Amino acid sequence: MTQGVVQDKVSQALVGALRSAQQRGMLKLEQMPTINLEAPKRPEWGDVSCTVAMSLSASERRPPFEIAQIIVDHIEQRDALFSRAEIARPGFLNLTVKRELWMDVLREIEAQGERYGHSLVGRGRRVLVEYVSANPTGPLHVGHGRGAAVGQALVRLLRATGHDVVSEYYINDAGRQMKLLGLSVLARYREACGQPVSFPEDGYHGGYIRTVAEHVKAEQGVVLLSLPAADAEQRSRDFAYRELLALIRQDLETFGIAFESWFSEASLLSSGAVEQVLSELRARDLLFDQEGAQWFRSSAFGDEKDRVVRKQEGDYTYLASDIAYHRDKLRRGFDLLVDVWGADHHGYIPRMQAVVQAYGYPKERLRVVLVQMVNLLRGGQKVEMSKRSGEFITLREVMDEVGADAAKFFFLMRDSSTHLDFDLELAKQQSQENPVYYVQYVHARIASLRRVAASRGIACPLPSQADLNVLEDPDELALIRKLSAFPVVLQASAVELEPHRMAYYLRELAGMVHPFYNKHRILPPAPDSEAVTAASTEQVAPSARTAEAMTPGLTGARLALMWAVQQVVRNGLNVLGVSAPEQM
RNA sequence: GCGCCCGUAGCUCAGUCGGAUAGAGCAUCAGCCUUCUAAGCUGAGGGUCGCUGGUUCGAUUCCAGCCGGGCGCACCA
């Protein structure tokens with residue numbers, strides 16, 4: 001695990017200091033503490049601070065301030081690493097790392113390139129991320145879109161941290177919902193053929209059902225009218241299933257998402273996997289009969305009550321196939337199963353964890369990421385949606401209106417477990433208020449900078465080719481420190497399964513870059529604008545950045561810095577599945 | 001009734017091994033376009049971190065109880 005090139009050095013130095021203090025009998029250190037470094041909020045607290053002295057206070061039975069003093073006194077080569085090492089009130093270790101050392105961050109970014117921020121913490125760990133998994137009974141709506149964005153980001157985050165990841169879509173192509181789909185389409189089909197029909201109760205009312213029915217009619221004519229009801233229903237269902245699943249795939253493709261694996265629920269029933277799993281459970285007394293139904297003894301694993309897996313009428317419940325599905329996933333040898341679910345399914349978690357435990361795995365083997373509802377707004381006004389009447393906003397509509405990038409970024413901006421207000425007007429606005437553009441624009445702006453430089457014949461050195469020692473401004477160092485935090489953010493984002501952390505980081509970074517750009521020059525003033533400035537009256541107050549003397553060396557170093565910024569923004573957006581445009 | 005999630009600035013939200021004077025965006029107000037993209041920037045105001053106790057050097061963070069909001073509690077998925 002790396003906390004960044006500079007932070008790692010600081011960590012090592014502190015561990016070294018602790019060890020040497022221990023050897024000289026200054027500290028007992030029954031357990032070597034983990035060195036936790038943080039970026040202090042105030043500049044006078046240095047670059048990096050550490051609270052280890054305070055956490056040792058209890059076990060050492062000494063005031064934290066003394067411990068901090070001992071640590072500082074035992075840092076080897078203190079002057080080579082730090083320009084300042086101070087102790088603050090309770091026992092904070094406030095360290096200021098030598099400026100030259102921070103430049104290693106830029107060289108590290110160059111050396112790692114697209115892999116900067118990536119790590120190997122997940123090495124050897126196989127993870128299955130199952131997400132979207134919407135019923136193939138209609139087009140994807142916004143809520144699915146959020147789940148899709150979250151799932152994809154998780155897949156990318158986990159890969160970036162060295163996990164071996166498979167993405168999978170579980171197709172609920174069995175059961176009652178599919179039956180209703182067939183009945184709904186058949187009803188619309190009969191309608192289209194001029195037959196008066198009563199629409200099935202709980203059927204799907206969306207307009208797309210009519211479209212599917214039209215397609216059935218166009219392809220098969222009126223033959224369904226003369227088929228036995230069960231056959232007509234079967235044909236309608238199969239047709240609708242294929243068409244709607246294809247539609248879902250298309251929507252996902254447009255959204256920039258492709259699954260490696262599509263897993264069919266029906267296949268679990270037809271292969272006998274469901275029956276087999278249930279008999280396995282019965283053999284272990286985890287399945288019992290009661291009131292004519294079959295029950296899974298989930299209460300044995302912490303669920304609040306037992307659950308029906310086979311109804312009185314003989315049909316399997318959704319849980320039955322879900323047991324078989326998760327059994328299958330576990331059997332495929334994954335070290336971790338990540339399920340992305342709508343938050344309204346949260347009551348289902350203990351049940352699935354019971355399944356995992358029933359098969360002898362710790363319940364942590366399954367981690368469920370809940371995705372809360374999306375509130376669509378348009379200019380602050382709520383867009384009403386009602387799934388019952390079929391009047392919901394589709395992912396397709398949102399993508400058409402604001403684009404896939406903006407939609408994804410908005411979906412990922414907040415903790416997925418909280419309600420999200422998604423303002424369509426804001427998302428398509430090309431202005432600073434729109435966080436997507438604000439972040440993407442950093443990337444585009446730096447690209448633009450380099451285009452201008454090229455057109456003027458100014459070289460754009462990489463960090464290793466530039467003399468970075470001229471980067472002395474506090475704003476430059478602040479940017480570099482922010483870049484140095486990227487690996488930690490990426491890792492935390494992945495480990496906690498919380499992509500919104502990365503989105504926040506990128507917005508913060510953008511919030512430093514744009515002001516920097518405005519305050520400081522990077523390229524020298526263009527020859528013609530210089531002439532104009534010289535010709536204009538001298539009473540124009542020079543702004544901070546025109547006052548800065550631009551030398552070729554400084555331009556080169558700042559271009560190298562911007563190159564690194566751009567790389568980090570690109571890596572961050574990439575992990576969220578959002579594009580990094582060269583031009584906007 | 002039981003369970004899960006949430007309650008932080010006017011609004012939307014960060015803050016996850018407990019740390020220093022609690023942050024960001026938007027909105028509001030006051031400014032900035034002869035400039036490398038104003039698709040941008042500068043500054044200001046704004047808070048009893050739902051309430052009450054507990055744990056300790058220290059609590060927005062952990063624990064208990066209460067108040068308020070959401071969701072779940074199917075032989076639906």
Side-chain angles (χ1 to χ4, degrees), chain A residues 34 36 38 40-42 45 49 51 54-55 57-58 63-64 88-92 94 135 137 172 175-177 180 202 265 291-295 304-305 307-319 321-322 342-350 370 372-373 380 413-415 417-421 423 426 429-435 437-438 440-441 444-446 448-453 456 458 492 495-496 498 500-501 503-505 507-508 511 514-526 528-530 532-533 535-536 540 543-546 555 558-559 562 583-584:
Chain A
T34 50
N36 218 310
E38 45 191 74
K41 294 172 202 155
R42 310 175 77 80
W45 294 338
S49 69
T51 58
M54 287 178 286
S55 56
S57 173
R89 281 163 274 172
F92 288 97
N94 289 340
N135 291 351
T137 53
N172 298 121
R176 187 177 131 83
Q177 303 306 318
L180 282 170
D202 300 330
E265 179 188 4
E291 296 162 12
Q294 292 182 6
W295 301 69
E304 54 188 19
K305 53 187 254 193
R307 309 290 176 175
V308 170
V309 290
R310 188 171 191 172
K311 310 176 200 173
Q312 282 178 339
E313 313 90 78
D315 290 343
Y316 292 112
T317 63
Y318 178 82
L319 178 61
S321 36
D322 232 356
D344 54 338
H345 289 61
H346 69 79
Y348 207 76
I349 296 175
L370 295 178
Q372 260 295 2
M373 283 177 45
M413 256 181 344
R414 302 262 135 75
D415 182 341
S417 68
T418 67
H419 288 264
L420 172 70
D421 281 339
D423 195 316
L426 178 60
Q429 226 172 70
Q430 308 203 340
S431 73
Q432 58 162 328
E433 291 130 66
N434 182 349
Y437 281 84
Y438 193 67
Q440 285 185 317
Y441 186 42
R445 185 168 236 180
I446 294 170
S448 159
L449 213 44
R450 280 217 300 282
R451 285 193 295 270
V452 172
R456 289 210 226 145
I458 297 168
V495 169
E496 304 293 336
E498 291 182 345
H500 74 277
R501 295 183 182 218
Y504 261 85
Y505 171 85
R507 201 157 61 162
E508 282 167 4
H514 289 306
F516 182 90
Y517 175 90
N518 191 259
K519 183 172 170 189
H520 302 283
R521 281 213 76 90
I522 291 160
L523 302 179
D528 51 340
S529 80
E530 207 169 27
V532 174
T533 307
S536 67
V540 177
S543 72
R545 82 177 179 187
T546 50
T555 286
R558 283 187 176 163
L559 279 168
M562 287 299 125
Q583 208 163 348
M584 291 173 76

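Numbered from 1 within each chain, the chains take letters A, B, ... in sequence-line order. All values reported here derive from a predicted model rather than from experimental measurement.
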Which one, rA39(B), rA74(B), rA20(B), comes nearest to the side chain of Lys41(A)? rA20(B)
Using the C1' atom on both, measure rU52(B) against rC57(B) and round to a whole Å. 23 Å
When rounded to whole Å, the NE2 to C1' distance for the pair His520(A) and rU42(B) reads 13 Å
Taking the six-membered ring for Trp, does Phe92(A) stack with rA20(B) (centroid gap under 5.5 Å, planes within less than 30°)? yes
P gap between rG10(B) and rC36(B), integer Å: 41 Å
For Pro435(A), give me all partners under side chain to side chain contact (heavy atoms under 4.5 Å, CB included), at least two apart in sequence or on another chain. Phe409(A), Phe410(A), Met413(A), Arg507(A)
Side chain to side chain donor-acceptor pair (under 3.5 Å) filter on Gln294(A), not counting sequence neighbours, yields none
Does the Arg456(A) side chain pair with the main chain of Pro524(A), one donor and one acceptor, at a distance under 3.5 Å? yes
Take atom CG of Asp315(A) and atom P of rC75(B), then tell me their distance rounded to the nearest Å. 14 Å
Under 4.0 Å, counting only non-hydrogen atoms across every strand here, what does Arg42(A) touch: a base, just sugar-phosphate, or nothing? base
Intermediate values then yes/no, side-chain contact (heavy atoms from CB on, under 4.5 Å), Asp202(A) and Arg176(A): CA-CA 10 Å; Asp202(A) 300 330; Arg176(A) 187 177 131 83; 3.4 Å; yes
Please evaluate residues Arg307(A) and Tyr348(A) with respect to the criterion side-chain contact (heavy atoms from CB on, under 4.5 Å), reporting the C-alpha separation (whole Å), side-chain torsions for both, the decisive distance (0.1 Å), and the verdict. CA-CA 11 Å; Arg307(A) 309 290 176 175; Tyr348(A) 207 76; over 6 Å; no
Check every strand shown and say whether Glu291(A) touches a base, only sugar-phosphate, or nothing at a heavy-atom separation below 4.0 Å. base
For the side chain of Asn94(A) and the base of rA20(B), is some donor closer than 3.5 Å to an acceptor across the two? yes
Could you work out, with side chain to side chain contact (heavy atoms under 4.5 Å, CB included) as the rule, every residue matching Arg414(A), not counting sequence neighbours? Arg146(A), Thr418(A), Leu420(A), Tyr504(A)
Roughly how many Å is it from CG in Leu370(A) to P in rC4(B), rounded to a whole number? 13 Å
Closest to the Glu313(A) side chain, choosing from rU37(B), rC75(B), rC36(B): rC75(B)
Distance criterion of 3.5 Å, no angle test: do you see the side chain of His346(A) paired donor-to-acceptor with the base of rC71(B)? yes
rA77(B) P sits how many Å from Arg176(A) CZ, rounded? 8 Å
Sorted by chain and number, sequence neighbours left out, side chain to side chain contact (heavy atoms under 4.5 Å, CB included) with Glu508(A) holds for Lys482(A)
Which residues pass the salt bridge (charged side-chain N to carboxylate O under 4.0 Å, His left out) test with Arg310(A), not counting sequence neighbours? none
Show the distances under 3.5 angstrom between N or O atoms of the protein and N or O atoms of nucleotides 12-14 of chain B.
| unit_1 | atom_1 | unit_2 | atom_2 | d |
| --- | --- | --- | --- | --- |
| rU12(B) | O2' | Arg414(A) | NH1 | 2.8 |
| rC13(B) | OP1 | His419(A) | O | 3.0 |
| rC13(B) | O2' | Arg414(A) | NE | 3.2 |
| rC13(B) | O2' | Tyr504(A) | OH | 2.2 |
| rA14(B) | OP1 | Asp415(A) | N | 3.4 |
| rA14(B) | O4' | Tyr504(A) | OH | 3.3 |

Residues forming a side chain to side chain contact (heavy atoms under 4.5 Å, CB included) with Ala88(A), sequence neighbours excluded: Phe92(A), Asn94(A)
His514(A) side chain to Tyr441(A) backbone, donor-acceptor under 3.5 Å: no
Give the rounded distance in Å between these two atoms: NZ of Lys305(A) and C1' of rA74(B). 7 Å
Classify Glu38(A) by what it touches in the nucleic acid, base, sugar-phosphate, or nothing, heavy-atom distance under 4.0 Å. nothing
Just confirming the chi classification of rC33(B), syn or anti, using 90° around 0 as the syn window. syn
Which residue lies more 5' along RNA chain B, comparing Trp45(A) with Leu449(A) via nearest heavy atoms: Trp45(A)
Range-with-range stems for RNA chain B, at least three Watson-Crick or G-U pairs under 3.5 Å: B:1-5 with B:69-73, B:10-13 with B:23-26, B:28-32 with B:40-44, B:50-54 with B:62-66
If I pick the C1' atom on rG46(B) and the same atom on rC29(B), what distance separates them, to the nearest angstrom? 11 Å
Value in whole Å for how far the P atom of rA27(B) lies from CG of Asp423(A): 12 Å
Examine rA39(B): is either OP1 or OP2 under 4.0 Å from a nitrogen or oxygen in the side chain of Tyr517(A)? Give yes or no. no
Sugar-phosphate only, base, or nothing, as touched by Glu496(A) at under 4.0 Å among non-hydrogen atoms: base
Looking at rU37(B), rG19(B), rG40(B), which one has an atom nearest to any side-chain atom of Asn518(A)? rG40(B)
Scan Tyr348(A) against the nucleic acid and name what it touches under 4.0 Å (heavy atoms): base, sugar-phosphate only, or nothing. base
Euclidean distance, atom NE2 of residue His345(A) to atom P of rC73(B) [Å, nearest integer]: 9 Å
Counting heavy atoms from C-beta on, name the nucleotide in rC41(B), rC36(B), rC75(B) closest to the side chain of Val308(A). rC75(B)
If the C1' atom of rG15(B) is compared with that of rA20(B), how far apart are they to the nearest Å? 15 Å
Applying side chain to side chain donor-acceptor pair (under 3.5 Å), name anything that partners Thr137(A), two or more places apart in sequence or on another chain. none
With the side chain counted from C-beta on, respond yes when Thr51(A) and Pro90(A) share a heavy-atom pair under 4.5 Å apart, and no when they do not. no
Closest of rA20(B), rC36(B), rC41(B) to the His514(A) side chain is rC41(B)
Suppose you measure atom P in rC33(B) against the same atom in rG25(B); what distance do you get, rounded to whole Å? 22 Å
With distance as the sole criterion, do the side chain of Ser49(A) and the base of rA20(B) form a donor-acceptor contact below 3.5 Å? yes
I'd like the P distance from rG18(B) over to rU61(B), given in whole Å. 11 Å
Considering only the P atoms, how many Å lie between rA77(B) and rC13(B), rounded to the nearest integer? 33 Å
Grab the CD1-P distance between Ile522(A) and rU37(B) for me, whole Å please. 10 Å
Could you tell me how far rA14(B) sits from rG7(B) if I compare only their P atoms? Round to whole Å. 8 Å
